[in-house]
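Working notes for the structure below.
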Amino acid sequence: MLGSTMLFALMVIAIRLASETLHTFEVAFFRNFFGMLVALPLLLRAGRGIGFLKTDQFPRYLFRCFVGVVSMFCGFWAIGHLPLAQAVSLSYSTPIFVTIAAVFILHEQVRARRWTAVALGFVGVLVILRPWSSAFSAGMLVAVAAAVLSGIVSIQIKLLAKVEPADRIVIWTTLLWVPMSMLPALWVWQWPSGITWLWVVATGIFGTGGHMLWTRALKLGDVSALTPISFMQLPVVVALGWALFGEVIDRWTLAGATIILAANAYIAHREARLSRKAATNAPVEAAKPGE
């Protein structure tokens, strides 16, 4: 998980550097294109032909990938135009919106303690945004929109995972994101030059590598134990933002980020406990006659 966190932090820096000369649409396209080149050989393992891609869930894939691309555009724009610490801190609000979406889309039951954590997370978002002050800008809402859409994507992945193998979801996502991000990129197209090529290639390598390590970490460890490690992305980004761009995190962003991360840690801890409880009770409940 620590390796995944470091790669995601480096991806954020690469996006910011690429955004200095390229439009957000192009940065997102190159991230997806080079990410596909990195992932495809690993995903199309021996014994899997084109038939592995056969699915009756294609409309759902299209919706999931479209929302994901729009979320990516918003998130990349925030990284390129907002202070890095602020953009990353607001991105951590995604689990809050996942919890809310799970109630309305999956009809999951969320009890008082998790609702309290969600409310606490919203307080953290408001502390960062400060809509009552002159520091607020409409651009901050783009970062919030990215978190909301990312939450919807997470729910769609959860639904797909019930009927589709994980590798197929990853392959279709990779394949669809490239053309979906290419179409808007063509409207603002200009070829990268010089060192910008390094940054756009790095976004794909760091992003795909981070996702692969993240997936492996979740298979090996408990999400409630791993989530706090993922929060290390923020201090790494803050340090690199200061060293490379002279950015200094303000006290409001630091306070809001702390509140959001605390809320996320509790949500992750609570969901892990409920998952373990469900797994423990499942055999007993299945053995009860008439239920």
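Atoms considered below: every heavy atom in the structure, side chains included; atoms not considered: hydrogens, waters and symmetry mates.
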So, taking the atom named [atom1] in [X] and the one named [atom2] in [Y], what distance separates them when rounded to the nearest 0.5 Å?
| X | Y | atom1 | atom2 | value |
| --- | --- | --- | --- | --- |
| Arg64 | Ile157 | CZ | CD1 | 4.0 Å |
| Ile13 | Phe206 | CD1 | CZ | 10.5 Å |
| Met140 | Arg130 | CE | CZ | 6.5 Å |
| Cys65 | Ile169 | SG | CD1 | 10.0 Å |
| Ile260 | Ser93 | CD1 | OG | 5.5 Å |
| Leu159 | Ile105 | CG | CD1 | 7.5 Å |

With a 4.5 Å cut-off on side-chain heavy-atom distances among I, L, V, M, F, W and Y, is there a chain of contacts connecting [X] to [Y]?
| X | Y | result |
| --- | --- | --- |
| Trp172 | Val163 | no |
| Phe97 | Leu126 | no |
| Val237 | Val248 | no |
| Val144 | Leu120 | no |
| Trp242 | Met232 | no |

Dump the intermediate steps for side-chain contact (heavy atoms from CB on, under 4.5 Å) on Arg113 and Tyr266, then the final yes or no.
CA-CA 9 Å; Arg113 282 180 286 184; Tyr266 180 79; 3.1 Å; yes
I'd like to check [X] versus [Y] (side-chain heavy atoms, cut-off strictly below 4.5 Å). Are they in contact?
| X | Y | result |
| --- | --- | --- |
| Leu62 | Phe66 | no |
| Asn32 | Met72 | yes |
| Ile15 | Trp77 | no |
| Ile155 | Phe104 | no |
| Thr24 | Ile79 | no |
| Leu10 | Leu240 | yes |
| Val127 | Phe122 | no |
| Ile205 | Phe34 | no |

Do Thr196 and Thr21 have a side chain donor and acceptor closer than 3.5 Å?
yes
Residue pair Glu164 / Tyr61, side-chain donor-acceptor N/O under 3.5 Å:
yes
Could you tell me which non-hydrogen atom of [X] sits nearest to which non-hydrogen atom of [Y], and how far apart they are?
| X | Y | value |
| --- | --- | --- |
| Val188 | Glu26 | O-OE2, 3.2 Å |
| Pro192 | Leu22 | CG-CD1, 3.9 Å |
| His211 | Phe8 | N-CZ, 3.5 Å |
| Leu213 | Gly3 | CD1-C, 3.8 Å |
| Ser19 | Val27 | OG-CG2, 4.0 Å |
| Ser71 | Ala146 | OG-O, 3.0 Å |

More than 12 heavy atoms of other residues, nucleotides or ligands under 6.0 Å from CH2 of Trp189: yes or no?
yes
Assess whether atom CH2 of Trp132 is packed by more than 12 heavy atoms of other residues, nucleotides or ligands within 6.0 Å.
yes
Is the gap between the ring centers of Phe30 and Trp199 under 6.0 Å?
no
Walk me through whether Trp187 and Phe25 qualify under side-chain contact (heavy atoms from CB on, under 4.5 Å).
CA-CA 9 Å; Trp187 288 97; Phe25 292 162; 5.9 Å; no
For Glu108 and Lys158, what are the C-alpha separation, side-chain angles and deciding distance, and is it a side-chain contact (heavy atoms from CB on, under 4.5 Å)?
CA-CA 12 Å; Glu108 290 186 0; Lys158 192 170 185 177; 2.7 Å; yes
For the pair Thr253 and Asp250, evaluate side-chain contact (heavy atoms from CB on, under 4.5 Å) and give the outcome as yes or no after the intermediate values.
CA-CA 6 Å; Thr253 300; Asp250 64 83; 2.9 Å; yes
Can a cation-pi geometry be assigned to Arg16 and Phe245, taking NZ or CZ under 6.0 Å from the six-membered ring centre and within 45° of the ring axis?
yes
Determine yes or no for a side-chain-to-main-chain donor-acceptor pair under 3.5 angstrom, with [X] supplying the side chain and [Y] the backbone.
| X | Y | value |
| --- | --- | --- |
| Glu247 | Leu84 | yes |
| Ser89 | Ala257 | no |
| Ser150 | Ala147 | no |

